Amino acid sequence: MSMLPLFSASEDAAAFIRRIVREETGVNLGPDKQYLIDTRLQPILRQYGLASHGDLVGKLRNGAARDVLRRAVIEALLTPETSFFRDRHVFSYLENLLLPSVIASRAAERQLRIWSAASSSGQEIYSLAMLLAEKFPQLRGWTVSLLATDVSERILAYARAGCYTRFEAQRGLTEEQRRKYLMERDGDFQVRKDLRQLVDFRILNLTAKWPPLPPMDIILLRNVLIYFNDETRRDIFAQAACALRRDGVLILGASETIVRSEFGFRPRLGTAPGVYERTDG
Ligand SMILES: C[S@@+](CC[C@H](N)C(=O)[O-])C[C@H]1O[C@@H](n2cnc3c(N)ncnc32)[C@H](O)[C@@H]1O
């Protein structure tokens with residue numbers, strides 16, 4: 001006889017929970033993610049005094065707090081894994097090749113727009129803000145727009161505050177960068193206010209119709225496509241092609257690729273892996 005972990009979700013309850021996460025965010029929680037359902041929902045069960053995932057599903061179907069609970073369940077099951085300067089080679093490419101060439105091509109208009117889509121807790125866009133501040137002083141006087149979006153309100157509130165634990169602050173930042181760009185506060189580390197003020201944080205669900213956005217020079221769409229099915233990915237690429245300037249660049253995560261050019265993108269030759277340009281660019 002196999003031992004079930006305490007509070008393990010029944011198959012029906014898990015299927016219902018998987019379905020609402022997929023419907024709302026496009027994220028597929030495969031059978032290998034059962035442990036997430038079992039463990040990450042425990043605090044919610046405790047908070048609402050529920051004895052099982054089955055009771056939780058009952059409340060999700062007809063309880064008075066259905067909408068609030070639904071949101072809490074979905075947010076608890078997203079994976080906000082990120083770090084400063086994640087995948088260093090991408091930031092080296094941005095620093096040494098991409099940003100210099102984009103900046104040169106925008107010299108007349110003096111405007112630069114970068115979007116971290118699925119930004120999680122903000123380390124990606126703050127890394128960019130640090131890179132721009134440190135290596136591109138020529139941008140002083142330019143209009144630089146840094147947009148960071150995510151589907152999770154909870155994670156965006158964290159990103160906006162820009163306040164990280166010691167462990168998070170150490171992941172990806174050198175000691176010198178941490179001292180330069182983060183201020184120590186009661187044992188935590190907060191990104192400098194002038195950098196936080198550069199970023200516009202907004203809710204945006206990649207699997208819904210995107211709101212009108214100004215045309216982007218660079219879109220970072222990293223480490224989120226892995227959670228979606230092919231059809232959802234295709235819809236996202238179609239919207240990304242419209243959101244990007246004709247000569248703009250789309251950057252995906254290390255394990256994400258676009259294999260067919262009908263998605264509107266082709267790999268940008270002579271660059272880092274995961275870097276794409278519009279096929280009509
Ligand atoms: C693993 S993190 C990636 C963070 C960052 N881009 C990086 O590469 O370090 C994935 C993020 O995608 C967000 N996400 C999941 N589904 C989403 C959707 N439908 N729309 C927008 N963001 C979504 C999650 O909330 C999570 O913060």
Side-chain angles (χ1 to χ4, degrees), residues 17-30 33 36-37 40 70-94 114-131 146-162 164 167-173 191 199-211 213 216 218-240 243 249-257 272-276:
I17 290 165
R18 267 193 213 103
R19 183 162 63 74
I20 62 169
V21 173
R22 193 176 52 245
E23 278 172 4
E24 185 88 12
T25 67
V27 168
N28 285 304
L29 296 169
K33 294 290 180 337
L36 290 181
I37 296 175
R40 293 233 195 117
R70 187 180 158 100
R71 183 115 288 272
V73 165
I74 290 166
E75 299 223 349
L77 292 170
L78 296 172
T79 301
E81 169 65 18
T82 190
S83 56
F84 289 102
F85 293 94
R86 182 178 191 176
D87 299 328
R88 277 266 164 192
H89 69 276
V90 172
F91 286 88
S92 302
Y93 163 67
L94 279 158
I114 303 178
W115 175 22
S116 161
S119 65
S120 186
S121 38
Q123 287 92 325
E124 179 171 81
I125 200 73
Y126 288 135
S127 303
L128 262 154
M130 291 174 201
L131 185 65
L146 300 181
L147 173 66
T149 63
D150 201 282
V151 74
S152 164
E153 284 166 28
R154 188 173 58 95
I155 204 77
L156 269 185
Y158 197 87
R160 218 174 265 122
Y164 300 100
F167 174 70
E168 288 167 331
Q170 278 168 345
R171 283 187 73 196
L173 291 183
V191 174
V199 186
D200 179 13
F201 287 101
R202 284 196 235 161
I203 291 284
L204 187 146
N205 185 347
L206 291 167
T207 63
K209 186 171 170 359
W210 300 354
L213 295 168
M216 298 291 161
I218 301 171
I219 301 178
L220 296 135
L221 183 61
R222 302 195 308 147
N223 304 303
V224 65
L225 297 168
I226 37 169
Y227 301 108
F228 302 143
N229 64 25
D230 285 349
E231 197 187 334
T232 305
R233 272 201 287 263
R234 200 165 35 241
D235 290 347
I236 291 175
F237 289 135
Q239 297 202 73
V249 167
L250 174 71
I251 303 182
L252 306 186
S255 57
E256 297 160 327
T257 45
V275 178
Y276 293 85

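First listed ligand is number 1; within each ligand, the first listed atom is number 1. Computed from a predicted structure; not experimentally measured. The chain is numbered in sequence order, starting from 1.
- Taking the six-membered ring for Trp, Tyr276 and Phe237 have ring centres at least 6.0 Å apart.
- Between Leu220, Leu204, Thr232, Ile155, it is Leu204 that holds the heavy atom closest to atom 21 (C) of ligand 1.
- Close contacts of ligand 1 with Ser120, meaning ligand atoms under 4.0 Å from a residue heavy atom, involve 4 (C), 27 (O).
- At the top of the distance list for atom 8 (O) of ligand 1, counting protein heavy atoms only, stands Asn223 ND2, 2.8 Å.
- For the residues Val224, Thr82, Val27, Thr79, the heavy atom positioned nearest atom 2 (S) of ligand 1 is part of Thr79.
- One distance of note links NE2 of His89 with CG of Leu94; it measures 10.0 Å at 0.5 Å rounding.
- Annotation: side-chain hydrogen bond (donor to acceptor under 3.5 Å, both in side chains) contacts of Asp235 (sequence neighbours excluded): none.
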Side-chain donor-acceptor pairs under 3.5 Å in residues 151-160, sequence neighbours left out?
from	atom 1	to	atom 2	distance (Å)
Ser152	OG	Glu75	OE1	3.0
Ser152	OG	Arg154	N	3.4
Ser152	OG	Ile155	N	3.0
Arg154	NH2	Glu75	O	3.3
Tyr158	OH	Glu168	OE1	2.7
Tyr158	OH	Glu168	OE2	3.3
Arg160	NH2	Phe201	O	3.1

Margin query: Before you tell me yes or no, could you show the steps for Tyr164 and Val191 under side-chain contact (heavy atoms from CB on, under 4.5 Å), namely the whole-Å CA-CA distance, both residues' side-chain angles and the distance that decides it to 0.1 Å?
Written below: CA-CA 8 Å; Tyr164 300 100; Val191 174; 3.7 Å; yes
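- Each of the atoms 3 (C), 5 (C), 6 (N), 7 (C), 8 (O) of ligand 1 lies under 4.0 Å from some heavy atom of Arg222.
- In this structure, atom 5 (C) of ligand 1 lies nearest to the protein heavy atom Ala118 O, 3.4 Å.
- Atom CZ of Arg40 has more than 12 heavy atoms from other residues, nucleotides or ligands within 6.0 Å.
- Counting the atoms of ligand 1 from 1 in the order shown, those under 4.0 Å from a heavy atom of Asn205 are 18 (C), 19 (N), 20 (N).
- With a 4.0 Å heavy-atom cut-off, ligand 1 is reached by the side chain of Arg86 but not by its N, CA, C or O.
- In this structure, atom 13 (C) of ligand 1 lies nearest to the protein heavy atom Asp150 OD2, 3.4 Å.
- Contact check on Glu256 versus Arg233 returns no salt bridge, with no Lys/Arg side-chain nitrogen under 4.0 Å from an Asp/Glu carboxylate oxygen.
- Of the protein's heavy atoms, Val151 CG1, 3.5 Å lies nearest to atom 23 (C) of ligand 1.
- Of the possible donor and acceptor atoms, one in the side chain of Asp150 sits under 3.5 Å from a partner among the backbone N and O of Ser120.
- Scanning all protein heavy atoms for the shortest distance to atom 20 (N) of ligand 1 gives Leu206 N, 2.9 Å.
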